[in-house]
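Positions are given from 1 along the sequence. Basis for what follows: all heavy atoms, side chains included, without hydrogens, waters or symmetry-related copies.
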Amino acid sequence: MEVRVLPVLRALFESLGRAGVRYCHWKSNWRLPETLRGETDLDLLVHRAHMARFLSVVGALGLKPGSGEDESGRLFDLHVYYRLITGGTIKGYHLPVEEMLLRGAQPTEAGVYVPEPAAELVLFVIRKSLDYAVAIEALIPREWKAAADELRWLMSQGATDRDVRRLLAEYLPSVDFALFRKLRDAIESGRWGVGRFRLGRALASRLRPYRRFAGPSATLARSGRAWRKAWRTLQGGTPPQALLSGGAVIGVVGSDGSGKSTVVGEVSRWLGEFLSVATIHGGKPPPSVPTALPRLLLPLLRRMMPGYRSTRIEVATEPAAMRTGPLLLFALRALMLAYERKKLLIRAHRKAANGTLVLSDRYPTRQPGVPEGAMLHFLREDPRSLYRWLARVEERTYGEIPQPDLVLRLDVPLELAVQRNLTRSKPGGPEPTEYLRQRHAKSSELEFAGVPTYRIRTDTMVEETVRAVKPILWNAL
């Protein structure tokens, strides 16, 4: 039966073959069909002398260090090894078996190289046995039956005792075949007991020359790992990895009804499976310490002065003609919003500097008079000095907001935006149609000078829009 392989993986294997890279998929090959479909991790051992050649190949294919994707945008986890570090929770041993795995590797029908059965069997038995070499680690619940099933599968692939003896003598001479057979039988039994712990200790004693930690340093490393794991658990689990190219702040902008929230949500789910991803709303930031108390008054002010909501003011033809009291409140609210957006985006860029991909639904712009831009531009020439000053402060605040690393600009026809606005469920009901029309026109003027900007049409099905976004975003990271 033909094995289904992700197109990008097939291209990877073919490219590695043409480049003469020595590599193999070195473990869990009994689940290789699932791996080739992108359902489990891909673990490749690459000859150290071919590291530069390997990186050149994966770079040419558009894969990112640590992970990649297929043409449908599905991510998979690519683990690359140049030395094999294994053994218990702290991976306490460097076993000199890289050449053992690479020398006899052969390609499968799918095009990926795998070790000869005996080599994979030797390493599998040793890896699983070292899990029981330390008392505290021997008590960790493990999938014994699954290990026994994988062992029997490996033995059915043609690994003979003669081949195992030969490999042990050449690569791990301190481990005699008699001990290896006891270790293998213990795994095949699918049971845990004191005997299995004693066998693990015996193996650890034979592998002493290959330890990465000596004496107390192993205990310190194990304790440190336990504390880190406990801390991650308290924080909600193991954090996803970060791309080696670093994080980024990505602004998703466009008119109302263009699908910004949908795109942000879908991209977050797509990338968040493997990477550190955060989402924010650049148009509606959370309150900060200085603005938290004034914010509590906003609902009351909206009820007292419904005609001075931002939607009404933006539609007004002469906003400067507003009465002094409401205008001052509106200006102060605009300053609060500018300050909150600035604080939110500074934090977002700080996260990006530490490797997180931040997706921002809307993004503040330095242009006045456009969505998420300065709202007091009409007061810059006001005869009253207070209002001119407020307008300058707001403009300066927006100028201090860091620019995004990348912008996805969503374009949708006005008629469709109006239709979506009238049919979607939103607190407070749909926006006024005239307000939406003005926002749509102003959104066409959005610019982010010097920032890579990609225009995406969103008048198609959501799946098609997301499919168009994925390659653009992935290649740009």
Side-chain angles (χ1 to χ4, degrees), residues 8-9 11-29 31-32 35-36 38 40-69 75-108 110-128 130-131 167-168 170-173 175 207 209-214 217-218 221 225 238 240-246 274-275 355:
V8 71
L9 288 183
L12 173 63
F13 303 146
E14 292 173 354
S15 298
L16 292 175
R18 287 193 297 269
V21 176
R22 290 185 66 197
Y23 80 96
C24 67
H25 186 264
W26 67 277
K27 69 174 182 177
S28 300
N29 282 309
R31 300 185 64 184
L32 188 59
T35 299
L36 297 178
T40 61
D41 298 342
L42 185 71
D43 295 286
L44 298 186
L45 170 66
V46 178
H47 195 287
R48 293 183 70 181
H50 294 183
M51 178 179 66
R53 206 180 305 174
F54 174 83
L55 292 176
S56 177
V57 168
V58 298
L61 290 173
L63 303 181
K64 308 297 179 184
S67 48
E69 62 166 340
L75 293 179
F76 63 87
D77 218 9
L78 174 61
H79 297 171
V80 182
Y81 304 78
Y82 304 106
R83 305 173 70 213
L84 287 187
I85 308 296
T86 190
T89 59
I90 60 172
K91 308 301 179 189
Y93 297 83
H94 169 230
L95 303 179
V97 295
E98 292 88 357
E99 186 62 24
M100 178 185 79
L101 296 171
L102 292 170
R103 189 174 67 179
Q106 295 294 323
T108 66
V112 59
Y113 277 74
V114 298
E116 65 170 297
E120 188 173 354
L121 175 63
V122 166
L123 185 55
F124 175 81
V125 169
I126 290 176
R127 286 194 303 114
K128 295 301 179 182
L130 285 174
D131 287 342
L167 294 174
L168 287 174
E170 184 172 358
Y171 294 100
L172 294 169
V175 181
L207 296 177
Y210 309 116
R211 286 181 179 176
R212 297 174 61 218
F213 305 99
S217 61
R225 183 186 182 279
T238 303
Q241 61 181 311
L243 290 175
L244 295 186
S245 55
F274 292 110
L275 305 177

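- Side-chain contact between His25 and Asp43 is present, with heavy atoms from C-beta onward closer than 4.5 Å.
- Note that the CG atom of Leu9 and the CG atom of Leu78 stand 8.0 Å from one another [nearest 0.5 Å].
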- Worked verdict on Met51 versus Val46 for side-chain contact (heavy atoms from CB on, under 4.5 Å): CA-CA 7 Å; Met51 178 179 66; Val46 178; 5.6 Å; no
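- Atoms OH and CG, on Tyr171 and Leu101 in that order, are 9.0 Å from each other to the nearest 0.5 Å.
- Two residues are said to be in side-chain contact when any heavy atoms from C-beta on lie closer than 4.5 Å; Leu130 and Leu207 meet this criterion.
- Closest of all the heavy-atom pairs between Thr86 and Leu95 is CG2-CD1, 3.8 Å.
- Remark: His47 NE2 to Tyr23 OH distance equals 15.5 Å, nearest 0.5 Å.
- Atom CD of Glu98 and atom OH of Tyr82 lie 13.0 Å apart (nearest 0.5 Å).
- Minimum heavy-atom separation, Leu84 to Leu123: CD1-CD2, 3.7 Å.
- Side-chain contact between Glu116 and Leu167 is present, with at least one heavy-atom pair separated by less than 4.5 Å.
- Considering all non-hydrogen atoms of both residues, His94 and Ile85 come closest at CB-CD1, 3.6 Å.
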- Pair Arg211-Tyr93, side-chain contact (heavy atoms from CB on, under 4.5 Å): steps then yes or no: CA-CA 5 Å; Arg211 286 181 179 176; Tyr93 297 83; 3.4 Å; yes
- Message: With side-chain contact (heavy atoms from CB on, under 4.5 Å) as the criterion, how do Leu61 and Ser15 come out once you've worked through the C-alpha distance, each side chain's angles and the decisive distance to 0.1 Å?
- Response: CA-CA 9 Å; Leu61 290 173; Ser15 298; 4.2 Å; yes
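- Counting heavy atoms from C-beta on, the side chains of Asn29 and Pro115 come closer than 4.5 Å.
- Closest approach of Leu45 and Leu102 over heavy atoms only: O-CD2, 3.8 Å.
- For the pair Ala19 and Val57, the tightest heavy-atom approach, listed with the atom from each and the gap, is CB-CG2, 3.9 Å.
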- Hey, mind stepping through Val112 and Leu42 against side-chain contact (heavy atoms from CB on, under 4.5 Å) and telling me if it holds? CA-CA 11 Å; Val112 59; Leu42 185 71; 5.5 Å; no
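- Side-chain polar atoms of Ser56 and Arg53 form no donor-acceptor pair below 3.5 angstrom.
- Note that the CG atom of Leu44 and the NE2 atom of His79 stand 10.5 Å from one another [nearest 0.5 Å].
- Nearest approach of Lys27 to Tyr81, heavy atoms of both residues: NZ-OH, 4.3 Å.
- Tyr210 is not listed as a side-chain neighbour of Val97, based on a closest heavy-atom distance of 4.5 Å or more.
- To the nearest 0.5 Å, the span separating CG on Leu63 from CG on Leu55 amounts to 11.0 Å.
- A salt bridge links Glu99 with Arg22: the closest approach of a Lys/Arg side-chain nitrogen to an acidic carboxylate oxygen falls below 4.0 angstrom.
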